[in-house]
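First up is the structure itself, then whatever we jot down about it.
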Amino acid sequence: MGYWILKSDPESYDWDSLEKDKTTVWDGVRNYQARINLNAMKKNDKALIYHSNSDKAIIGTAKITKEAFPDKTSTDEGWVAVEITVGTKLNKPVALSQIKANIMLKDIGLVRNSRLSVIPLTEQEYEIITEMGS
DNA sequence: GCCAACGTTGGC
DNA sequence: GCCAACGTTGGC
């Protein structure tokens with residue numbers, strides 16, 4: 001079982017859109033490191049949805065429902081997308097500042113490399129964040 | 001193959 | 001709106 005953070009700019013696609021759609025194709029990733037992570041995802045892996053820019057907080061959970069397949073939004077070979085299904089919204093969003101303040105979460109990619117849009121987590125880190133949001 | 005210049009992202 | 005960090009591009 002893998003755990004991930006999926007980062008999205010709420011101006012382009014936000015949590016409410018995901019709740020409405022129920023299922024969406026997570027495409028448009030054009031970063032090599034993020035692509036490696038997408039390819040590593042397995043069906044039923046869990047993900048956290050993070051809003052960058054205006055919100056800077058983790059909003060809710062999602063589940064990987066389809067493993068990496070070619071990204072139709074690109075004509076270049078090699079880029080991939082996954083399909084995710086909405087999970088549950090956290091009772092309160094977990095702000096980036098809270099994550100930074102938590103010593104247990106010091107090393108996650110969200111803090112270390114703020115530009116990476118698909119970030120791997122350990123099970124423990126996933127639990128800590130969802131706990132903080134409950 | 002190195003590195004400077006440039007573009008983009010995202011936190012502040 | 002600014003700037004730091006990172007990625008990419010292109011000249012050499």
Side-chain angles (χ1 to χ4, degrees):
Chain A
M1 176 77 70
Y3 300 85
W4 312 92
I5 294 174
L6 290 173
K7 192 159 59 179
S8 179
D9 182 348
E11 299 219 347
S12 49
Y13 193 84
D14 67 1
W15 173 264
D16 290 340
S17 309
L18 178 60
E19 257 188 352
K20 189 157 60 69
D21 294 347
K22 303 293 181 204
T23 291
T24 194
V25 173
W26 205 264
D27 58 17
V29 173
R30 299 289 182 270
N31 173 279
Y32 187 66
Q33 188 63 45
R35 185 171 102 190
I36 292 171
N37 292 334
L38 283 180
N39 275 313
M41 287 183 181
K42 297 278 180 246
K43 195 174 176 180
N44 294 324
D45 277 3
K46 294 175 179 179
L48 298 170
I49 305 299
Y50 173 80
H51 281 177
S52 63
N53 296 318
S54 51
D55 281 355
K56 276 168 297 184
I58 287 172
I59 310 298
T61 69
K63 191 171 72 173
I64 311 302
T65 44
K66 205 174 281 179
E67 294 175 19
F69 52 90
D71 183 347
K72 287 195 281 293
T73 67
S74 173
T75 50
D76 293 335
E77 289 292 308
W79 296 117
V80 295
V82 295
E83 184 191 88
I84 67 169
T85 296
V86 69
T88 55
K89 192 173 188 173
L90 296 178
N91 286 326
K92 28 180 199 195
V94 178
L96 179 63
S97 56
Q98 292 175 264
I99 291 168
K100 281 187 168 172
N102 190 321
I103 193 83
M104 302 289 293
L105 303 174
K106 268 273 189 282
D107 285 330
I108 65 173
L110 188 65
V111 176
R112 261 204 347 269
N113 177 6
S114 65
R115 301 192 40 169
L116 186 58
S117 59
V118 182
I119 301 159
L121 285 181
T122 66
E123 179 178 3
Q124 189 190 23
E125 288 158 354
Y126 180 92
E127 295 297 336
I128 291 168
I129 293 169
T130 51
E131 186 62 31
M132 287 167 76
S134 67

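Only heavy atoms go into these numbers, but all of them, side chains included; no hydrogens, no water, no symmetry mates. Only a predicted model underlies this, so the values are computations on that prediction, with no experimental measurement involved. Letters A, B, ... mirror the listed sequences (proteins, then strands); counts begin at 1.
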Which donor-acceptor pairs under 3.5 Å do the side chains of residues 41-50 of chain A make with protein atoms, sequence neighbours left out?
residue	atom	partner	partner atom	Å
A/Asp45	OD1	A/Gly2	N	2.7
A/Asp45	OD2	A/Trp4	NE1	3.1
A/Asp45	OD2	A/Lys42	N	2.9

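- Counting to the nearest Å, the C1' atom of C/dA5 and the CG atom of A/Leu110 are 15 Å from each other.
- A salt bridge is absent between A/Asp76 and A/Arg30; no separation between the charged side-chain nitrogens and carboxylate oxygens falls under 4.0 Å.
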What does the 5'-to-3' dot-bracket notation of DNA chain B look like when only Watson-Crick and G-U wobble pairs under 3.5 Å count, and pairs to other strands show as |? ||||||||||||
Under 3.5 Å, which donor-acceptor pairs link side chains of residues 107-114 of chain A to any protein atom two or more places apart or in another chain?
residue	atom	partner	partner atom	Å
A/Arg112	NH1	A/Asp107	O	2.3
A/Asn113	OD1	A/Arg115	N	3.1

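- With sequence neighbours left out, A/Asn53 forms a side chain to side chain contact (heavy atoms under 4.5 Å, CB included) with A/Asp9.
- What separates NE2 of A/His51 from P of B/dG10 is a distance of 13 Å, to the nearest Å.
- Counting only distance, with no hydrogens or angles, the side chain of A/Asp71 and the backbone of A/Gly28 share a donor-acceptor pair below 3.5 Å.
- Atom CZ in A/Arg112 sits about 15 Å away from atom P in B/dG11, given to the nearest Å.
- Proximity of a side-chain donor or acceptor of A/Thr61 to a complementary backbone N or O of A/Thr88 within less than 3.5 Å is detected.
- Distance check, rounded to the nearest 0.5 Å: CD1 of A/Ile128 to CD of A/Gln98 gives 13.0 Å.
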Show each protein N/O and nucleotides 7-9 of chain C N/O combination with a separation under 3.5 Å, one pair to a line.
none

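- Whole-Å rounding puts the A/Ile58 CD1 to B/dG11 P distance at 11 Å.
- The ring pair (Phe, Tyr, Trp, His ring centres under 6.0 Å) pairs that include a residue from residues 76-129 of chain A are A/Tyr3-A/Tyr126, where partners are two or more places apart or lie in different chains.
- Atom C1' of nucleotide B/dG10 and atom CG of A/Leu96 are separated by 10 Å, given to the nearest angstrom.
- At the heavy-atom level, A/Leu116 lies nowhere under 4.0 Å from the strands shown.
- Separating the CD1 atom of A/Ile119 from the C1' atom of C/dC6 is a distance of 14 Å, rounded to the nearest angstrom.
- Rounded to a whole Å, the NZ atom of A/Lys56 is 6 Å from the C1' atom of B/dC12.
- Side chain of A/Thr130 to backbone of A/Glu127: a donor-acceptor contact under 3.5 angstrom is found.
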